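Model, not experiment: these values are computed from the prediction.
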Amino acid sequence: ARQTFEAAGVGQIVELIHDDALNHLSEMESIAFCFLDAEKEVYGRCCRVVIPRLVEGGWLIADNALSHAEYLSPLISRALADPRTDALVLPVGKGLLICRRNHTGGR
């Protein structure tokens with residue numbers, strides 16, 4: 001990931017943290033982008049921490065929304081109904097849950 005960020009010219013502005021996300025997410029005040037690809041049992045906890053911290057227009061993208069739909073369906077349903085986000089499931093690869101923090105959702 002670090003090499004990709006450097007090649008894209010964003011290595012100086014992207015903070016790469018290699019650890020359990022749940023050890024760090026609650027410390028972050030503003031999140032502009034979060035790509036979630038982890039053990040499926042932590043998706044719900046990660047989303048509950050990330051969504052309130054997304055900046056307006058910020059993105060949460062969770063992988064495996066279709067390949068693990070049976071397990072992730074409660075999370076997907078909550079995200080689709082969350083008034084703070086505009087959300088959809090995109091049938092690309094194993095499926096992506098895409099949530100964008102809208103301007104109407106309160107923190």
Report yes if the side chains of Phe33 and Ile61 come closer than 4.5 Å at any heavy-atom pair, otherwise no.
->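 The answer is yes, as the side chains (C-beta and beyond) meet within the 4.5 Å cut-off.
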
So do the side chains of Arg53 and Ser26 get within less than 4.5 Å of each other, counting heavy atoms only?
->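 Of all side-chain heavy-atom pairs linking Ser26 with Arg53, at least one is under 4.5 Å.
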
If every non-hydrogen atom of [X] is compared with every non-hydrogen atom of [Y], which pair is closest and at what distance?
X     : Y     : value
Arg84 : Pro52 : NH1-CG, 3.5 Å
Ala65 : Val89 : CB-CG1, 4.1 Å
Cys47 : Leu60 : SG-CD2, 3.5 Å

Over 12 foreign heavy atoms within 6.0 Å of CD, Glu41 |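 More than 12 heavy atoms, drawn from other residues, nucleotides or ligands, come within 6.0 Å of this atom.
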
Report yes or no: does Tyr43 contribute a side-chain atom to a donor-acceptor pair with the main-chain N or O of Asp63 at less than 3.5 Å?
->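 Side chain of Tyr43 to backbone of Asp63, a donor-acceptor pair under 3.5 Å: yes, one is there.
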
To the closest 0.5 Å, what do you measure between [atom1] ([X]) and [atom2] ([Y])?
X     : Y     : atom1 : atom2 : value
Ser77 : Asp82 : OG    : CG    : 12.0 Å
Arg48 : Leu75 : CZ    : CG    : 8.5 Å
Leu90 : Leu97 : CG    : CG    : 10.0 Å

Would [X] end up clustered with [Y] when hydrophobic side chains under 4.5 Å apart are linked, directly or stepwise?
X     : Y     : value
Ile76 : Leu54 : yes
Leu36 : Leu72 : yes
Trp59 : Leu25 : no
Phe35 : Phe5  : no
Leu80 : Leu66 : yes

Under the salt bridge (Lys or Arg N to Asp or Glu O under 4.0 Å) test, residues paired with Lys40 that sit two or more places apart |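 Partners of Lys40 by the salt bridge (Lys or Arg N to Asp or Glu O under 4.0 Å) criterion, ordered by chain and then number, come out as Asp37.
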
Qualifying residues under side chain to side chain donor-acceptor pair (under 3.5 Å), relative to Arg45, sequence neighbours excluded |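 Scan of Arg45 (side chain to side chain donor-acceptor pair (under 3.5 Å), adjacent residues dropped) gives none.
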
Residue pairs passing the side-chain hydrogen bond (donor to acceptor under 3.5 Å, both in side chains) test where at least one lies in residues 86-100, sequence neighbours excluded =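 Applying side-chain hydrogen bond (donor to acceptor under 3.5 Å, both in side chains) to every pair that reaches into residues 86-100, excluding sequence neighbours, yields Asp86-Arg100.
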
Could you point out which residue of Ile17, Val50, Val49 forms a side chain to side chain contact (heavy atoms under 4.5 Å, CB included) with Met28?
->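 That would be Ile17.
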
